[in-house]
Amino acid sequence: KINQEMSQKVFKVKVCKAKNIPKMDIIGHADPYVILILDGRSRRTEFVKNDAHPVWNMVLDFDFPVQQSLEDLVLEVNVYDHDIGKKDDFIGKLTLPVKKYLSGETHSEWFDLVGENGTTGSFGSILLELTLMK
């Protein structure tokens, strides 16, 4: 077990909070949640009910073998509106090249979300903290 843990590195993404998340339904604000996708694997936050400025403060980990290069990986961040009884609405997304965040330091940064086809506009912003633990 110890040898296995020592041969791992962990890319940690703390989904802190978002602001100005647009409402997707007629009544109330969105019930936003975040899905992260990295190297074909996904992680998800809980949804925050009726909030245009949700706070998650949730750390989502992606484990990798120590020898695997993360240089070419891209982190996908997708924000959805949780709905009951119908398909969840897509709100916005962003893609981040992981290589910028491999120094071992924690990078805390606000990112603007874009629409489904990369359109810019009022899709809100999200605060992420990204760290590679070796």
Side-chain angles (χ1 to χ4, degrees):
K1 179 92 177 144
I2 290 171
N3 286 345
Q4 184 182 357
E5 285 175 11
M6 293 178 85
S7 66
Q8 296 282 309
K9 56 187 169 189
V10 182
F11 191 71
K12 292 183 171 295
V13 181
K14 182 176 183 182
V15 180
C16 301
K17 58 187 174 179
K19 61 185 177 185
N20 304 319
I21 297 297
K23 62 190 271 174
M24 304 305 287
D25 301 315
I26 296 166
I27 300 170
H29 294 286
D31 303 317
Y33 66 92
V34 178
I35 294 179
L36 303 177
I37 302 170
L38 183 62
D39 198 32
R41 295 178 283 161
S42 65
R43 305 285 184 268
R44 181 192 156 146
T45 67
E46 300 295 322
F47 73 89
V48 177
K49 191 159 181 51
N50 201 31
D51 201 334
H53 308 285
V55 175
W56 293 281
N57 283 327
M58 224 176 143
V59 177
L60 303 170
D61 292 348
F62 294 90
D63 298 337
F64 292 94
V66 114
Q67 65 275 16
Q68 182 174 343
S69 171
L70 308 185
E71 286 281 319
D72 298 327
L73 295 184
V74 174
L75 176 68
E76 292 178 45
V77 181
N78 298 289
V79 181
Y80 291 89
D81 175 24
H82 173 77
D83 285 321
I84 295 172
K86 64 181 183 116
K87 187 175 184 279
D88 292 352
D89 297 311
F90 174 81
I91 296 174
K93 68 178 180 178
L94 68 108
T95 54
L96 298 172
V98 169
K99 75 167 120 192
K100 183 176 173 185
Y101 306 100
L102 299 179
S103 68
E105 297 171 24
T106 297
H107 299 268
S108 182
E109 197 172 334
W110 280 98
F111 299 95
D112 290 331
L113 299 169
V114 297
E116 199 121 38
N117 300 315
T119 50
T120 56
S122 306
F123 300 101
S125 303
I126 190 165
L127 177 61
L128 302 175
E129 288 180 6
L130 304 121
T131 313
L132 178 66
M133 307 294 288
K134 297 178 186 174

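All heavy atoms count here, side chains included; hydrogens, waters and symmetry mates do not. One-based numbering along the sequence shown. Please read all numbers here as calculations on a predicted model, not as lab measurements.
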Chemist: Does any part of the side chain of Val10, heavy atoms only, come nearer than 4.5 Å to the side chain of Leu132, both counted from C-beta?
Modeler: no

Chemist: To the nearest 0.5 Å, what is the distance between CD on Gln8 and CE on Met133?
Modeler: 13.5 Å

Chemist: When you group the ILVMFWY residues by side-chain heavy-atom contacts below 4.5 Å and let the links chain together, are Leu94 and Leu73 in the same group?
Modeler: yes

Chemist: Can you give me the closest heavy-atom contact between Lys14 and Asn57, atom names plus distance?
Modeler: CE-OD1, 3.6 Å

Chemist: Can any side-chain N or O of Arg43 pair as donor or acceptor with the backbone N or O of Leu38 at less than 3.5 Å?
Modeler: no

Chemist: Do Ile126 and Val15 touch side chain to side chain, with heavy atoms closer than 4.5 Å?
Modeler: yes

Chemist: Say whether Val79 and Phe111 are linked into one hydrophobic cluster, either directly or through other cluster members, by side-chain heavy-atom distances under 4.5 angstrom.
Modeler: yes

Chemist: If you round to the nearest 0.5 Å, how far is CG of Asn20 from CG of Asp112?
Modeler: 9.5 Å

Chemist: Are Ile21 and Ile35 grouped together when hydrophobic residues (ILVMFWY) are joined by side-chain heavy atoms under 4.5 angstrom apart?
Modeler: no

Chemist: Are Met58 and Leu36 connected in a single hydrophobic cluster, I mean Ile/Leu/Val/Met/Phe/Trp/Tyr linked by side-chain heavy atoms less than 4.5 Å apart?
Modeler: yes

Chemist: With a 4.5 Å limit on heavy-atom distance, are the side chains of Asp39 and Phe62 in contact?
Modeler: no

Chemist: Using the six-membered ring wherever Trp is involved, compare the ring planes of Tyr101 and His107 and label them parallel, tilted or perpendicular (cut-offs 30° and 60°).
Modeler: perpendicular

Chemist: Above 12 or not: heavy atoms from other molecules or residues under 6.0 Å from CD of Glu76?
Modeler: yes

Chemist: With distance as the sole test, does Lys9 use its side chain to make a donor-acceptor pair with the main-chain N or O of Gln68 at under 3.5 Å?
Modeler: yes

Chemist: Can you name the nearest heavy-atom pair linking Asp83 to Asp88, along with the distance?
Modeler: N-OD1, 2.9 Å

Chemist: For Ile26, is there any backbone N or O sitting under 3.5 Å from a side-chain donor or acceptor partner on Lys23?
Modeler: yes

Chemist: Do you know the tightest heavy-atom contact between Pro22 and Ser122?
Modeler: CG-O, 3.5 Å

Chemist: Do the side chains of Val13 and Val74 join up, straight or via other hydrophobic residues, at under 4.5 Å, putting them in one cluster?
Modeler: no

Chemist: Flag the pair Val34 / Val77 as yes when at least one side-chain heavy-atom distance between them is below 4.5 Å, and no otherwise.
Modeler: yes

Chemist: By the definition ring-ring contact (aromatic ring centres under 6.0 Å, His included), identify the one residue from Phe47, Trp56, Tyr80 that meets it with Tyr33.
Modeler: Tyr80

Chemist: Nearest 0.5 angstrom please: Leu128 CG to Trp110 CH2, how far?
Modeler: 9.0 Å

Chemist: As an exercise, state the distance from NZ of Lys134 to OG of Ser103, rounded to the nearest 0.5 Å.
Modeler: 7.5 Å

Chemist: Are any of the side-chain heavy atoms of Met24 and Ile91 separated by less than 4.5 Å?
Modeler: yes

Chemist: Return the minimal non-hydrogen interatomic distance between Leu60 and Arg44, and the atom names on each side.
Modeler: CD2-O, 3.9 Å

Chemist: Can you give me the closest heavy-atom contact between Lys86 and Asp89, atom names plus distance?
Modeler: NZ-OD2, 3.9 Å

Chemist: Taking all non-hydrogen atoms of both residues into account, name the closest pair between His29 and Ala52 and its distance.
Modeler: ND1-CB, 3.7 Å

Chemist: Do the side chain of Lys12 and the main chain of Asp61 share a donor and acceptor less than 3.5 angstrom apart?
Modeler: no

Chemist: With rounding to the nearest 0.5 Å, note down the distance linking OG1 in Thr95 to CG in Asn78.
Modeler: 9.5 Å

Chemist: If I take atom OG from residue Ser125 and atom NZ from residue Lys17, how far apart are they, to the nearest 0.5 angstrom?
Modeler: 11.5 Å

Chemist: Side-chain contact, heavy-atom cut-off 4.5 Å: Ser108 with Leu127?
Modeler: yes

Chemist: When you measure from the side chain of Asp81 to the backbone of Asp31, do you find a donor-acceptor pair of N or O atoms at a distance under 3.5 Å?
Modeler: yes

